[in-house]
2 protein chains.
Amino acid sequence: MLNNYNSEDKVLLSVDCIIFGFDNEGLKILLIKRGFEPEKGKWSLMGGFLKKDESLNKAAIRVLNFYTGLQDIYMEQFYAYSEVDRDPVERTISVAYYALINIENHNAELIKNYEAQWFSISKMPKLIFDHNEMVSHAMRRLRYRTSTKPVGFELLPEKFTMRQLLELYEAILDKKLDKRNFISKINSLDILVKLNEKDMLSSRKGSYLYKFDKEKYDAKLLNHFVLNL
Amino acid sequence: MLNNYNSEDKVLLSVDCIIFGFDNEGLKILLIKRGFEPEKGKWSLMGGFLKKDESLNKAAIRVLNFYTGLQDIYMEQFYAYSEVDRDPVERTISVAYYALINIENHNAELIKNYEAQWFSISKMPKLIFDHNEMVSHAMRRLRYRTSTKPVGFELLPEKFTMRQLLELYEAILDKKLDKRNFISKINSLDILVKLNEKDMLSSRKGSYLYKFDKEKYDAKLLNHFVLNL
DNA sequence: TTAATTAGTGTAGAATGAATACTTATTAGT
DNA sequence: ACTAATAAGTATTCATTCTACACTAATTAA
């Protein structure tokens, strides 16, 4: 029985985290100004190297926490990038993760301390290496995700209006949706609770607030559906 | 400007290939008897280590060729497995790929020389490490794929009957489909050409042979659809 | 009181999906 | 030559879902 696979090449393995958020300005992504060479000072995804004694999932969580202080964020792995010259310094394979989080809950203070910054998807700067490609793949994945799983619990405040939910979906799918059809499709998913409370900020009439029914929402997360928006 | 990221851990990175095939006995998967320790002689996916100067895609192609002689097989990356103790010998992260191929075209001779063997999905042996988990994830991916992209070109002979196509889908989805509805749904995709030729082996009456319209098929590969079977 | 703003709601027609059975072509066997 | 056996092949109805589309309601600021 062997103790090791001698003579095989070893490589650096990193994780990169794509964190989506949403607020009344639209869909955003969390970036950092890279603190070390090469490309120091350029905008970048939050990334770091895998350590010998941790899984990729753990590494992704650790890296995100390091840059933002964020805890307990569930990220989903989506692709390993391995072009030989993707990192000019040294051969590095990077496994990309993405997650959705609520901007307001996740305290601007922490993010400020850590120098991470939210950017509108549409105004994202050029990023280092192949990070722009990662983001666009993650966007594609997120778009796709809306058609099989509910989205929103992670991105909206606890109480939200139908309009906010509609605008979230429009931001993700990057297209206008018909309000009436949208509402009836969302209602047919049966994951919302209509509250006896109105948001009076956005209109004279005021619009009802909703929240997600956590249990039903989580159930739908497991047993996919098909939603055609 | 740095020349390297010193002090970061390096790890072994491998690829594992899940090759699906189909014949009149059903859906199959290609396995090898592992030729080295540990677990020598046990059944395993075809795998190998990433070299410093190749991408993961290239490594997957190289590994598959090494074990089977197969060339020009397009494989799709689907997940990186990274549990710390997944390989008992040494820390190894493995990136899994899958592909669909035509059993008949890909010459039994080569496969014999190389000791790879087809197994029915339903009679698959216990595999080493986390390979069974990889296979079941790949199956899930394949199942899912049938609802957004055409499947079959890669798995069926050039000319095939509706029944064969139906049985392929039944094998992948692991459920009975209604023949009449299946045919009309497949026809609505507009990717088949009905030939003026019958297969007389499976019935007295004989059943028409079809082939895929390569151009339309490839177009559908790019622009997903939704197919509810 | 009026004007302005956004919320909120319904329907008809079209398209798609699901469920269901009988006829046809052919050959093997008698 | 006839019959039996086998799988192929084909249509329709009903239910559901999707799409397109426009007016009324509630409220407050002026």
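Chain identifiers are assigned alphabetically (A, B, ...) following the order of the sequence lines, protein sequences preceding nucleic acid strands; residue numbering begins at 1 within each chain. Since the structure is predicted, the reported quantities are computational estimates derived from the model, not experimental observations.
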Without decimals, in angstroms, what is the distance between [X] [atom1] and [N] [atom2]?
| X | N | atom1 | atom2 | answer |
| --- | --- | --- | --- | --- |
| Asp199(A) | dT5(C) | CG | C1' | 14 Å |
| Leu177(A) | dT19(D) | CG | P | 11 Å |
| Phe225(A) | dT17(D) | CZ | C1' | 16 Å |
| Leu189(B) | dT16(C) | CG | P | 12 Å |
| Asn228(B) | dA15(C) | CG | C1' | 14 Å |
| Asn187(A) | dG8(C) | CG | P | 11 Å |
| Ile183(B) | dT20(C) | CD1 | P | 18 Å |
| Leu201(B) | dA28(C) | CG | C1' | 16 Å |

Quick one about [Y] and [X] (side-chain donor to acceptor, distance below 3.5 Å, no hydrogens or angles considered), yes or no?
| X | Y | value |
| --- | --- | --- |
| Ser82(A) | Ser55(B) | no |
| Tyr97(B) | Asn57(B) | yes |
| Asp199(B) | Thr161(B) | no |
| Tyr81(A) | His131(A) | no |

Between CE on residue Met124(A) and CG on residue Leu127(A), distance to nearest 0.5 Å: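 Here the rounded value is 5.5 Å.
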Test salt bridge (charged side-chain N to carboxylate O under 4.0 Å, His left out) applied to Lys214(B) - qualifying residues, sequence neighbours left out: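 Salt bridge (charged side-chain N to carboxylate O under 4.0 Å, His left out) list for Lys214(B), sorted by chain: Asp218(B).
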Sugar-phosphate, base or nothing in reach of Ser184(A), heavy atoms under 4.0 Å: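 Result for Ser184(A) = nothing.
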Selection: residues 156-176 of chain B, any non-hydrogen atom under 4.0 Å of DNA chain C: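 Correct list: empty, so none.
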Tyr144(B) ring center near Tyr144(A) ring center (under 6.0 Å):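 Yes.
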Lys185(B) vs dT16(C): side-chain N/O to OP1/OP2 distance below 4.0 Å: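 Result: no.
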Short N-O contact, Glu83(B) and Arg86(B), less than 4.0 angstrom: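 So Glu83(B) does not pair with Arg86(B) through a salt bridge.
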Cationic N near anionic O, under 4.0 Å, Glu170(B) to Lys175(B):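 No, no charged N to carboxylate O under 4.0 Å.
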Reading 5' to 3' through nucleotides 20-30 of chain D, protein heavy-atom contacts under 4.0 Å coded B for base, S for sugar-phosphate only, - for none: BBB--BBBB--
